[in-house]
Number of protein chains: 2
Amino acid sequence: MHLLLVEDDHLVAQGLIRSLRQEGYSVEHSGTVKHALECLSSGEIELVILDLGLPDGDGSLVLKHIKAQKKVIPVVILTARGSIDDKVQGLDMGADDYLAKPFDPAELFARLRVASRRVNQTQSSLLQCGEVVIDSSAHTVTLNGESLTLPRKEYMLLKALMENQGRVQSKQQLENKLYQWGEEVGSNAIEVHIHHLRKKFPSDFIKTLRGIGYVVGKR
Amino acid sequence: MHLLLVEDDHLVAQGLIRSLRQEGYSVEHSGTVKHALECLSSGEIELVILDLGLPDGDGSLVLKHIKAQKKVIPVVILTARGSIDDKVQGLDMGADDYLAKPFDPAELFARLRVASRRVNQTQSSLLQCGEVVIDSSAHTVTLNGESLTLPRKEYMLLKALMENQGRVQSKQQLENKLYQWGEEVGSNAIEVHIHHLRKKFPSDFIKTLRGIGYVVGKR
DNA sequence: TATTTTCTTAAGTTTTCTTTAAGTTTCGCT
DNA sequence: AGCGAAACTTAAAGAAAACTTAAGAAAATA
């Protein structure tokens with residue numbers, strides 16, 4: 001999931017970036033309104049953490065810009081302004097959540113998970129489909145109650161599928177979710193991962209729709 | 001907007017109900033898990049405020065029930081349990097927001113506004129015609145609620161027809177929609193696809209207008 | 001750094017879809 | 001009713017997509 005962190009305090013930013021990457025986000029960072037708007041224009045960003053006090057203007061400019069777009073991008077405001085009035089104002093401007101500094105990283109991450117599962121249209125971090133359960137907050141997968149360990153890419157692929165049960169996703173869509181928009185895959189990597197996943201799950205778990213894509217569950 | 005308040009403390013509940021009504025919500029109130037589930041079963045509720053400590057069980061039961069449903073109902077947890085762990089747990093179970101008591105009503109209302117504006121912008125792209133439904137975002141086709149799998153070209157053809165219900169389209173028009181303006185069809189491909197589709201749907205679903213073209217629905 | 005695991009690539013194989021084409025039926029017109 | 005045009009049906013060849021396998025590259029781990 002591609003996240004944009006807008007935060008001008010470099011010390012705070014560096015720490016956050018590292019832990020966000022560990023949480024599985026692909027993070028871009030801006031310290032100014034101007035640069036933030038540039039990042040957003042690429043159209044890749046799916047989620048934004050926004051500080052309000054920026055050197056070249058107020059973060060609310062970024063918020064307004066995002067909410068004027070057609071694409072739905074959740075925005076979590078993370079700022080030192082912690083009064084009730086600030087919160088109400090921030091939320092009413094269109095933010096999806098508001099956290100005042102100092103904040104606990106665990107709470108921020110939980111709230112980000114809420115936002116990202118909304119992007120993925122799933123309802124909770126516990127994804128179940130038949131005998132397979134995936135807990136995206138703990139990064140674990142169980143089949144019939146037995147826990148199993150998946151390599152990173154296989155886990156990401158399975159999660160991408162289970163976050164969209166009943167929704168067919170093309171290989172292209174899945175590639176976009178597994179790979180940073182820096183490097184492209186020049187081959188059938190997705191097919192191979194699917195193949196490996198299938199060996200670990202019931203044979204009819206991942207279905208193929210020839211020419212369209214792959215699905216899991218609900219059909 | 002229909003809101004369900006689940007809260008067993010009558011004093012808190014009465015105060016909240018009054019201000020929620022002033023905010024424009026139509027409020028139902030439950031003091032128990034059992035009654036809350038009954039209220040939800042009506043299917044009217046669009047938004048829930050949930051206290052966790054209830055006399056006949058934990059509020060998380062209600063949360064689980066809501067999140068197991070297909071319908072998307074935002075849940076804001078409002079509880080005395082205010083530790084970071086409680087928050088993380090509640091959010092990861094599927095809650096959309098979490099507010100610890102004591103709370104400021106203005107903040108609660110702002111967060112409810114966030115939740116309700118999200119309800120209103122949720123709409124999926126469904127094409128319906130009689131018993132046949134296409135969800136183009138999920139690439140799924142259902143007939144009488146049963147999902148069926150169509151090959152790519154058949155799906156494209158069906159979609160082209162259903163996007164123009166009641167409008168007759170010539171074979172030529174349909175060809176233009178299924179094929180890039182580079183490749184040519186040298187034969188009766190459309191007729192064959194129509195034939196295949198007809199075997200999968202009620203016999204009168206796709207109508208032929210001899211010499212003119214094909215239609216679906218409305219006539 | 002050595003070792004192991006995971007990821008990507010590519011080629012060969014299999015499966016399924018799509019198109020073609022020929023034969024058959026239906027329709028509308030005179 | 002009989003004719004011609006249009007649409008339907010069928011089956012098989014051809015094309016496209018997906019599966020499988022294995023080997024080398026990259027990454028993680030010790």
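Every chain is numbered from 1, with letters handed out A, B, ... down the list of sequences. Values below: all heavy atoms of this structure, side chains included; hydrogens, waters and symmetry mates excluded.
- Here A:His195 reaches the OP1 or OP2 of D:dT20: one of its side-chain N or O atoms lies under 4.0 Å away.
- To the nearest 0.5 angstrom, A:Arg167 atom CZ is 12.5 Å from A:Leu161 atom CG.
- Distances shorter than 4.0 Å separate none of the side-chain N or O atoms of B:Lys171 from OP1 or OP2 on D:dA6.
- In this structure, A:Tyr214 reaches the sugar-phosphate backbone alone: every heavy-atom distance under 4.0 Å involves primed, P, OP1 or OP2 atoms, never a base.
- As a whole-Å value, the separation of A:Leu174 CG from D:dA18 P is 11 Å.
- Look at CG on B:Leu209: it is 18 Å from P on C:dT26, rounded to the nearest Å.
- At C:dT19, one or more side-chain N or O atoms of B:His193 fall inside 4.0 Å of OP1 or OP2 (strictly under the cut-off).
- Using a 4.5 Å cut-off on side-chain heavy atoms (C-beta onward), A:Gln69 and A:Ile73 make contact.
- If you check every strand for non-hydrogen atoms under 4.0 Å, B:Lys199 touches nothing.
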**A:Ser137 and A:Asp135: CA distance, side-chain angles, deciding distance, side-chain hydrogen bond (donor to acceptor under 3.5 Å, both in side chains) verdict** = CA-CA 5 Å; A:Ser137 65; A:Asp135 182 344; 2.7 Å; yes
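- Side-chain N/O atoms of A:Arg198 include one lying less than 4.0 angstrom from OP1 or OP2 on D:dC19.
- For A:Thr208 and D:dC19, the shortest distance from a side-chain N or O to OP1 or OP2 is below 4.0 Å.
- Distances were taken from every side-chain heavy atom of B:Ala189 (C-beta onward) to each of D:dA28, C:dT19, D:dT20; the shortest belongs to C:dT19.
- A close approach under 4.0 Å does not occur between any side-chain nitrogen or oxygen of A:Lys153 and OP1 or OP2 of D:dA27.
- Summarising the geometry of B:Ala95 relative to B:Ile77, their closest heavy-atom pair is CB-CD1, 3.6 Å, with the distance given to 0.1 Å.
- In terms of polar N and O atoms assigned as donor or acceptor, the side chain of B:Arg210 comes within less than 3.5 Å of the base of C:dT26 in a complementary pairing.
- A straight line from CD1 of B:Ile212 to P of D:dA6 spans 12 Å, rounded to a whole angstrom.
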